[in-house]
Amino acid sequence: MMKITTTCFFLFLIVSVSTQAQTKATRKADSYFMQKDYGRALTAYSNVLGKVTDNRVLERLAYCHLYLHNDREAAKWFQKAIDKTRDPGVFCEYASLLKSMGQVEASNEIMRRFARAFPQDVRAVAFLAHPDYVNEIRNRAPHYEVSRLKINSNRSDFGAVLTGNQFYFTSARNANGKVFTQANEPFLDLYSSTLSATNELSLPTSLTDLNSDWNDGPLSFSADKKTLFFASESFRAGKGFRKQQTRYSAVWIFTSNYKDNKWTTPKPLVLTEEGYSAGNPSVSADGKTLYFSSDRPGGYGGLDIWKVALKSDGTLGVPENLGPVVNTPGDESFPFISDDNGTLSFASKGHPGLGGYDCFTIRLDVPSQAENVGIPINSEKDDFSFSYYNDRKLGFVTSNRKGDDDIFKVTPLTQPIEATSEKETRVVTNVAPPEQAVAATDRRNETPTVMAETKKEIWFEVDSFALDRDDIGILDALILLVKSDARKIEINSYTDTRGSNRYNLALSFKRAIAVADYLRSKGIAESRIQYRGYGEESVKVDCGNDCTEQDHRANRRTEIVLVK
């Protein structure tokens with residue numbers, strides 16, 4: 001699990017346990033739990049164990065151990081709790097924990113039990129559609145490489161964003177600061193560093209104009225860089241709330257303007273109702289939209305990703321939930337909107353992942369599905385706060401795979417193209433003659449082959465969405481064509497008829513996304529790319545139940561069409 005500081009404050013993990021009435025025996029334990037003082041809560045719940053029959057005690061013992069990083073003890077109590085729980089989140093948290101411990105098959109068994117108990121839950125539906133999703137993610141060709149930054153401390157470091165050559169992040173490294181009792185770490189502060197031309201970072205400095213006695217960060221900037229949005233506590237504005245006889249601070253987003261060479265006194269934005277939280281801000285490149293995470297009413301469960309219009313007169317629009325393509329009954333947080341205003345990155349525990357929190361991306365400007373970013377950005381542990389800058393070919397992600405929450409640098413992989421495969425280059429001939437063409441190489445005999453300009457096809461191997469070297473060769477030839485004109489690129493992916501309709505539809509989307517990702521990595525603008533998966537909807541060879549391997553291969557195609 002993430003360090004407690006990060007978990008408690010920035011992901012606002014409000015456990016969705018049953019709402020049975022408190023008993024006198026559990027009231028003190030519940031109070032500690034609400035204060036996120038999990039050490040005392042653990043002792044208090046242990047003391048009442050056996051004295052009350054409330055299954056919530058077992059559930060909260062599991063969560064206390066989980067947040068204190070006692071994974072084996074947490075697993076033991078989750079196992080006891082799921083026999084009587086009425087909370088689907090307990091199943092999902094337990095399954096995620098088992099994956100993070102490397103017990104994938106045990107995790108899958110818990111998910112099968114979950115699907116039987118809650119068959120309508122979207123997480124159950126997603127699991128049944130992709131029961132081998134862990135291996136699917138692991139087998140996907142990596143698009144990036146990661147390396148741990150040297151500026152990380154022995155405390156929590158996360159939430160990296162880049163503005164020009166200034167690098168900003170959140171950290172609990174202030175050894176002289178007030179201690180956040182629940183985490184036994186200093187309160188979080190905002191820091192900045194300068195990025196050199198060789199991507200080296202200078203010694204970080206504290207943003208003293210913005211940091212307070214409370215937890216501060218992460219942050220995001222307006223389009224003109226004159227306004228800063230960052231998360232902090234409602235206590236900072238003198239506002240606290242009460243629940244179950246416990247006073248607590250919510251997470252709010254504050255703004256500050258840069259005037260006279262300093263940041264003005266931060267003021268809170270009103271983004272949610274009394275007692276709810278809103279944090280992790282990310283402003284679009286055009287400055288018109290603020291994305292954030294919140295547990296405000298009207299969501300799908302846990303934390304959701306929301307957006308709100310930033311009007312030119314300084315007022316806000318009405319917050320909008322991003323809907324079920326992004327949000328699940330689990331937690332979605334740490335949104336980051338890329339510089340194209342169309343690609344959103346976020347962290348999720350509700351979408352299928354490798355364990356803990358995983359990073360996902362989705363195109364918001366075209367119909368698409370959330371896509372797991374895959375290895376090595378994601379791991380069995382918690383991976384979150386993924387930001388990527390297309391113009392710099394540079395990104396950052398936070399992970400606790402090394403123990404603490406650390407920031408990792410993300411750079412795209414370069415894939416050499418070698419003529420080593422025996423698979424031939426495929427030429428589409430049933431299209432109008434092109435005005436110009438590009439010469440490619442037939443992989444069997446190295447003779448030039450003319451490829452049609454207006455439409456091309458590539459074929460994936462059975463049950464795979466990984467591009468091989470020959471596919472990349474075809475795409476590189478296509479890129480030479482499209483860089484000289486402004487036509488849009490339409491990617492339509494299909495599967496053969498083996499497997500279920502639901503599985504094939506998802507597989508075709510992944511194949512289309514793999515092609516789109518490669519084109520984007522080579523500099524093709526996001527606005528020019530459209531993609532869709534059709535599954536087995538439109539077979540090329542209608543062979544029914546008598547399909548040969550050649551027939552299946554013909555149906556297992558991805559068409560790339562240039563359109564005006």
Measure the spacing between NZ of K51 and OG1 of T26 and express it to the nearest 0.5 Å.
12.0 Å
Supply the atom-to-atom distance L195 CG to T163 OG1, rounded to the nearest 0.5 angstrom.
11.5 Å
Run the salt bridge (charged side-chain N to carboxylate O under 4.0 Å, His left out) check on D331 and K349 step by step: do they pass?
CA-CA 6 Å; D331 288 311; K349 262 196 173 181; over 6 Å; no
Rounded to the nearest 0.5 Å, how far does CG of L219 lie from OG of S282?
10.5 Å
Salt-bridged, D209 to K262, with N to O below 4.0 Å?
no
Main-chain N/O of G374 paired to N372 side chain as donor or acceptor, under 3.5 Å:
yes
Taking the six-membered ring of W252 as reference, does the NZ or CZ atom of R236 fall below 6.0 Å from its centre and within a 45° cone about the axis?
no
So, the side chain of N211 versus the backbone of L190: is there a donor-acceptor pair under 3.5 Å, distance only?
yes
Can you list the steps and then say if E93 with E59 is a side-chain contact (heavy atoms from CB on, under 4.5 Å)?
CA-CA 11 Å; E93 197 71 64; E59 296 171 7; over 6 Å; no
Let's go through V308 and E320 carefully: what are the C-alpha distance in whole Å and the side-chain angles of both, what is the deciding distance for side-chain contact (heavy atoms from CB on, under 4.5 Å) to 0.1 Å, and is it a yes or a no?
CA-CA 6 Å; V308 66; E320 300 177 46; over 6 Å; no
With a 4.5 Å limit on heavy-atom distance, are the side chains of I253 and L271 in contact?
yes
For F384 and F334, I'd like to know if the aromatic rings sit close, meaning centre-to-centre distance below 6.0 Å.
yes
Heavy-atom pair with the smallest gap, counting every atom of C359 and N378
N-OD1, 2.7 Å
Please report the shortest heavy-atom distance between M101 and A75, naming the atom on each side.
SD-CB, 4.4 Å
Could you tell me whether Q120 atom CD has more than 12 heavy atoms of other residues or ligands within 6.0 Å of it?
no
Does Y191 offer a backbone N or O that forms a donor-acceptor pair with the side chain of S206 under 3.5 Å?
no
Hey, are the side chains of F336 and L344 touching, using non-hydrogen atoms and a 4.5 Å cut-off?
no
Below 6.0 angstrom between ring centroids: does that apply to F408 and F386?
no
Heavy atoms only: give me the nearest K381-D358 pair and the separation to one decimal.
O-OD1, 4.5 Å
Take F230 and Y168 through the ring-ring contact (aromatic ring centres under 6.0 Å, His included) test and state the conclusion after the steps.
CA-CA 11 Å; F230 69 101; Y168 298 89; over 10 Å; no
Kindly confirm or rule out a cation-pi arrangement of K28 over Y32, judged by NZ or CZ under 6.0 Å from the six-membered ring centre and within 45° of its axis?
yes
Does any non-hydrogen side-chain atom of T361 lie less than 4.5 Å from one of F346?
no
Can you check whether L188 reaches N174 side chain to side chain, under 4.5 Å on heavy atoms?
no
Has the side chain of S293 got a donor or acceptor atom that lies under 3.5 Å from a matching backbone atom of L303?
no
Among side-chain atoms of S348 and E332, is any donor-acceptor pair under 3.5 angstrom?
yes
Hey, can you pull the donor-acceptor pairs under 3.5 Å for the side chains in residues 76-84, sequence neighbours left out?
unit_1	atom_1	unit_2	atom_2	d
K76	NZ	E73	OE1	3.1
Q79	OE1	Y94	OH	2.9
D83	OD1	R113	NH2	3.2

Going through the distances and angles, do D30 and R56 end up as a salt bridge (charged side-chain N to carboxylate O under 4.0 Å, His left out)?
CA-CA 10 Å; D30 292 338; R56 182 184 58 174; 3.0 Å; yes
Do F167 and F169 have their ring centres less than 6.0 Å from each other?
yes
Looking at T227, is its backbone amide N or carbonyl O close enough to the side chain of S222 to form a donor-acceptor pair, meaning the two atoms are under 3.5 Å apart?
yes
Under 3.5 Å side-chain donor-acceptor pair for D157 and S171
yes
Just checking, is any N or O donor in the side chain of T398 or D405 under 3.5 Å from an acceptor N or O on the other one?
no
Could you report the tightest heavy-atom contact between A74 and L66, atom names first, then the distance?
CB-N, 3.6 Å
Nearest heavy atoms of Y144 and P412, plus distance in Å
CD2-CA, 3.9 Å
Please lay out, stage by stage, how R155 and D404 fare under the test salt bridge (charged side-chain N to carboxylate O under 4.0 Å, His left out).
CA-CA 7 Å; R155 303 292 190 180; D404 293 320; over 6 Å; no
S385 side chain to F158 backbone, donor-acceptor under 3.5 Å:
no
Walk me through it: do L97 and S100 pass the test side-chain contact (heavy atoms from CB on, under 4.5 Å)?
CA-CA 5 Å; L97 172 63; S100 73; 3.8 Å; yes
Can you check whether G353's main-chain N or O pairs, donor with acceptor, with K99's side chain at less than 3.5 Å?
yes
In terms of heavy-atom contacts, D339 and A285 come closest through O-CB, 3.7 Å
Any side-chain heavy atom of F114 within less than 4.5 Å of one from D121?
yes
Applying salt bridge (charged side-chain N to carboxylate O under 4.0 Å, His left out) to K409 and not counting sequence neighbours gives none
Should D189 and T170 count as side-chain neighbours, where that means a heavy-atom distance under 4.5 Å?
no
With a 3.5 Å cut-off and no angle check, do the side chains of Y45 and R60 form a donor-acceptor pair?
yes
K402 atom NZ, over 12 foreign heavy atoms within 6.0 Å:
no
Distance col, row I137:CD1 vs H130:NE2, nearest 0.5 angstrom, shows 10.0 Å
Evaluate the side-chain proximity of K288 to L310: yes if any heavy-atom separation is below 4.5 Å, no if none is.
no
Verdict with reasoning, I513 to R140, per side-chain contact (heavy atoms from CB on, under 4.5 Å):
CA-CA 12 Å; I513 289 170; R140 183 177 180 182; 3.9 Å; yes
Donor-acceptor pair, side chain of S368 and main chain of R363, under 3.5 angstrom:
yes
Check for a donor-acceptor pair, side chain of N400 on one end and backbone N or O of D382 on the other, with a separation under 3.5 Å.
yes
Do V283 and I337 come close enough that some side-chain heavy atom pair is under 4.5 Å?
no
Examine distances only and state if a side-chain atom of E233 and a backbone atom of N215 form a donor-acceptor pair shorter than 3.5 Å.
yes
Answer with yes or no after comparing the ring centroid distance for F33 and Y38 against a 6.0 Å cut-off, counting only values under it.
yes
Distance (rounded to the nearest 0.5 Å) between F221 CZ and Y258 OH
10.0 Å
State the OG1-CG distance between T315 and L269, to the nearest 0.5 angstrom.
11.0 Å
Is it the case that more than 12 heavy atoms not belonging to Y389 sit under 6.0 Å from its OH atom?
yes
